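Here it is, the structure, as structure tokens.
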Amino acid sequence: MHKYDHKKIEKKWQNIWEKKGVYHADDKSKKPKYYTLIEFPYPSGDGLHVGHPRPYIGMDVISRKRRMQGYNVLYPIGWDAFGLPTENYAIKTGKDPRVVTKKNTDTFRKQIKSLGVSFDWSREINTTDPKYYKWTQWIFLQFYKKGLAYKAKMTINWCPKDKIGLANEEVINGCCERCGTPVEKREKEQWMLGITKYAERLDKDLDTVDYLPQIKIGQRNWIGKSVGAEIEFKISSTNESIKVFTTRPDTIFGATFIALAPEVAKKITGKDFGIKVDTDRENKEKIGIDTGLKAKNPASGEQIPVFVVNYVSADYGTGAIMGVPAHDERDFEFAKKYNLPIIDVVIPIRVDNTNPHISGKKIVERKAVQAIIRNPKNGKILCLNWKAHPWTTFVVGGVEKGEDILEAARREVLEETGYKNIKFIRVLGGQVRSEFFAAHKDENRVAYFNAILFELENEDRIEVSREEIEKHEVVWKDPKDIRSDTMQCGELDIWLERLKNENAVNAENGILTNSGKFNGMDSENAKKEIIKFVGVEEKTTFKLRDWIFSRQRYWGEPIPIIHCSKCGMVPVPEKDLPVELPKVKNYQPTDSGESPLANISKWVNVKCPKCKGGALRETDTMPNWAGSSWYYLRYTDPKNKNAFADKKNLKYWTPVDWYNGGNEHTTLHLLYSRFWHKFLYDLKLVPTSEPYMKRTSHGMILGEGGVKMSKSVGNVINPNEIVKIYGADTMRVYEMFMGPFDQSVAWSDEAIIGPRRFLEKVWKLGELVEKNSVRVGARLRVKRRDFSLPDSTIAKLLNKTIKKVSEDIEAMHFNTAISAMMILATEMQKSESVSEKDFKMFLQILAPFAPHITEDLWQTLGEKKSIDLSVWPKWDENLIQDEEVTIIVQVNGKVRGQFKASVDISEAEAKSKAENLPEVRKWITTGVKRFVFIPRKLINIVV
RNA sequence: GCCCGAGUGGCGGAACUGGUAUACGCGCACGACUUAAAAUCGUGUCUCGCAAGGGAUGUGGGUUCGAUUCCCACCUCGGGCACCA
């Protein structure tokens, strides 16, 4: 046999696979189907870099394994080719984006093909192909017909110098990326898609799919479902009212003002107050202006002021909120600034589990106070060590009749500690209800605590009574020793939070107070009852906003609408689809910010499809998201001229069984395509309500040193260079081995040699197996030195490895799968003799990672059919069971020894064995306190 | 600011449901083979200590017989935040 020559064998097998079409998915098959999907790439001018193929290889491993498991696999690829970078390139160079895209996709295709990914290239699609975007436009028309595509005035970023609408990305520090001119906001009519109509289902149906938990959380947070109520506040002296949305109707008695979004205020008052909601991401200071209006709190009957503020968004809820400063941090900040009343209406509850109520004892309710005294000189806190009980507490005591909490606190401090001069700092928020057993009084206590922070002014003390001295000792404690495990205080977490953060408020549910007839009710019930009381119903709101769907750009799908002065907006008839992008001379938008399409009068001026009169085409185009919202459907029938895909094909192939993509796409793209899919499902055009059964994510590959790969940084690594030097198989194994698939990893030119050495080792093993075997007819037989008897070490390890690789692939733990195979290869090499049968099984489990070298060795060893058509090996459960295990012996958690024992050794036997180990014996002379035995694993002796 | 994820040797990383921390790979050192080098193979490689032992998984604390793993607080980095894809 010859040297491992990757260039030769990789080219050879790629040609054979392509000629035989082994990776073409079959639309009709008796096998069960499996649809694997990767996010189709945007063919940028930078070309493919080594980060692109990582997900393709990952899903290729899954796809190849599925084929060997007997599935008919669809693993397609295409190009998501509309978008800004190509357009900006066209603006700069004047080159036709079609030409640029063609060139880029050709490069990408050639690069990807050299990696031996088992894509079905016969189904390749391109979103910029009129035959494809015909159907993107067709789907848009369905949205339009159902009223889900509509026009609305929206604010956009506008560069007054370039006269162009800017993407958020193109705005750097409020200035245009190109010319540095400060960006203005401009109102513009935009096409919208009514995704909010699907918000509820997009949230709920997540229960039916298998997405990674953080992806589901991301989707849910984005949708932002919250249940609450819309409550009307009547404006005094007019007949009008303000509707607020709140998730906390139980706090309505604490509503001391109304806060309006600027747009809403303008609507109500007709005045512009000059306040804008900050779209900046940093938290800005809250600003408000009193409108002079008063509104009536429908629960308390109070007249409360109405403010315009910069922290309420018109897009969310009703654009108006009731300000409840006691129970919302933002409202609290605002109320403090504008001196608005803060009324506590919900008391949080804590139950002291270390000191719980004892049944049978009487329950006593009491108002009480915690005095927290800080010595400003050293930061220490005044505490009491109780003599009859194992407690440390703050200075604590009941509030007597006729006393306020401040008086009570000062009195307790004086009585219990003698300190005369303490300075009041602040009350730590509202009351807290604390339940505990008061052992010193032998009663169950329900205390309504306030806490007050003081500072010690000086050490002057009066003498403390004998009675108090017998009860407790006065101590100053370090703040780090004020913890829930050192202090007897069930509600301590609340005080610590409020000590740290002056703006901390109680946002928890609890027991109502200051709330008229609802006093004493818990929040959950109060929410329902108060909604009834003010005469409204529960209302669900979403953060999700409708989708701005139009762009004033050239390189996107034209929106297929015609504006007729007589008939209004008229959809382009289906027979006239696609509305093709005309060629233009200049890709720069018009002076008024319209798409460059607006300059082509020949294209713009059309006959109205209805009245045949003069009409104008819509010149807006669709965003890049459009084509990628349904591409997985087109793959099932990519050449269909009569429908976006044939129903039979859709029924057979969809839903996608496993979709893997970047972390950066797990909210927007995923949500948008789920929305389109659900819409199509409602039109009975697709057979399932969810497009993807399973969704996983991969991490990026960064340049050396951990920075993003980009042409501008100059750290782009071209996979073709790697393929040339090391081969596609090495590249594939390395990309799967370099780190956990779902996390970002930095590329290393040095480390890739490891996978190469591994494959060379495999090649040599192949030589060894071939040399030790003799051909009998078409079969290879082992001639000599075959140690792989059923109980041999190699056979055992092989079976364990088959199990591990099989399972790791499913979990996308490709790196550990490869590690296991490296160990197996090293052991095989050490044994110097491996049976043909065992070696072939090893080739099979390696094949998804390194398809070329394994195919070559497989057929060299006499197989006639592709290794891809072989059956994925099964492991033998009997062979992976160990009879003997190593048991670790720890003393006080430190490893002191170990011994071998049979797996079913009894605890008593293990104990005597462990205790008799000389290296253990010297540690346990003081006597064994406790003995922990974990079968098959470990013993811990506590002395 | 908000949401999600991650911090372990010189480097990439491993450790299943809380049970020997550092598997596997890179690098480095030494040895074998070689006239020599490369390649290959073998041995070693967290750290302090002569040793007995001790200390290390971003930082501080907690729970536990036992914590990289669970809980709390904090720090740093990456991703997303609606016109980048």
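Per chain, numbering begins at 1; letters A, B, ... match sequence-line order. Fair warning: this is a prediction, and the values are worked out from it, not measured in the lab.
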### Message
It should be established whether A:N815 places a side-chain nitrogen or oxygen under 4.0 Å from OP1 or OP2 of nucleotide B:A14.
### Response
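Result: yes.
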### Query
Counting any heavy atom closer than 4.0 Å, what does A:D742 reach on the DNA or RNA strands: base, sugar-phosphate only, or nothing?
nothing
### Task
Taking ring pair (Phe, Tyr, Trp, His ring centres under 6.0 Å) as the test, write out the residues that go with A:Y631, two or more places apart.
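Only A:F40, A:Y635 meet the ring pair (Phe, Tyr, Trp, His ring centres under 6.0 Å) criterion with A:Y631.
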### Query
With sequence neighbours excluded, what pairs up with A:S595 under the side-chain contact (heavy atoms from CB on, under 4.5 Å) test?
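In terms of side-chain contact (heavy atoms from CB on, under 4.5 Å), with neighbours along the sequence ignored, A:S595 is linked to A:L597, A:T619.
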### Query
Going by number, which of residues 936-943 of chain A have a non-hydrogen atom under 4.0 Å from RNA chain B?
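Per residue number, the list reads A:K937, A:L938, A:N940, A:V942.
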#### Entry: With A:K761 via salt bridge (charged side-chain N to carboxylate O under 4.0 Å, His left out) - residues at least two apart
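So A:K761 forms no salt bridge (charged side-chain N to carboxylate O under 4.0 Å, His left out) with any residue.
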### Residues in contact with RNA chain B, drawn from residues 730-740 of chain A - heavy-atom cutoff 4.0 Å
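Contacting residues: A:F737, A:M738, A:P740.
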### Task
Name all residues meeting the side-chain hydrogen bond (donor to acceptor under 3.5 Å, both in side chains) criterion together with A:Y554; count only those two or more places apart in sequence or in a different chain, and write none if there are none.
A:R98
### A:K803: partners by salt bridge (charged side-chain N to carboxylate O under 4.0 Å, His left out), with sequence neighbours left out
A:E807
### salt bridge (charged side-chain N to carboxylate O under 4.0 Å, His left out) partners of residues 543-556 of chain A, not counting sequence neighbours, each pair once
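Qualifying pairs, neighbours excluded: A:E170-A:R553, A:D315-A:R545.
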### Query
NA contact type, A:G83, heavy-atom cut-off 4.0 Å: base, sugar-phosphate, or nothing?
sugar-phosphate
### Message
Going by side-chain hydrogen bond (donor to acceptor under 3.5 Å, both in side chains), name the residues that satisfy it together with A:D493, two or more places apart in sequence or in a different chain.
### Response
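Scan of A:D493 (side-chain hydrogen bond (donor to acceptor under 3.5 Å, both in side chains), adjacent residues dropped) gives A:R350.
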### Atom C1', compared across B:G7 and B:G60: separation rounded to whole Å
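Those two atoms are separated by 16 Å.
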What side-chain donor-acceptor pairs closer than 3.5 Å can you find for residues 928-943 of chain A, not counting sequence neighbours?
| unit_1 | atom_1 | unit_2 | atom_2 | d |
| --- | --- | --- | --- | --- |
| A:N940 | OD1 | A:N892 | N | 3.4 |
| A:N940 | OD1 | A:G893 | N | 3.0 |

### Query
Counting just side-chain N and O atoms, does A:R930 come under 4.0 Å of either OP1 or OP2 of B:C65?
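Result: yes.
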#### Entry: Protein proximity profile, nucleotides 26-32 of chain B - base contact B, sugar-phosphate-only contact S, no contact -, cut-off 4.0 Å on heavy atoms
SS-----
### Message
For A:K800, give me all partners under side-chain hydrogen bond (donor to acceptor under 3.5 Å, both in side chains), at least two apart in sequence or on another chain.
### Response
A:D882
### Task
Establish, from distance only, whether the side-chain atoms of A:D46 and A:S44 form a donor-acceptor pair under 3.5 Å.
no
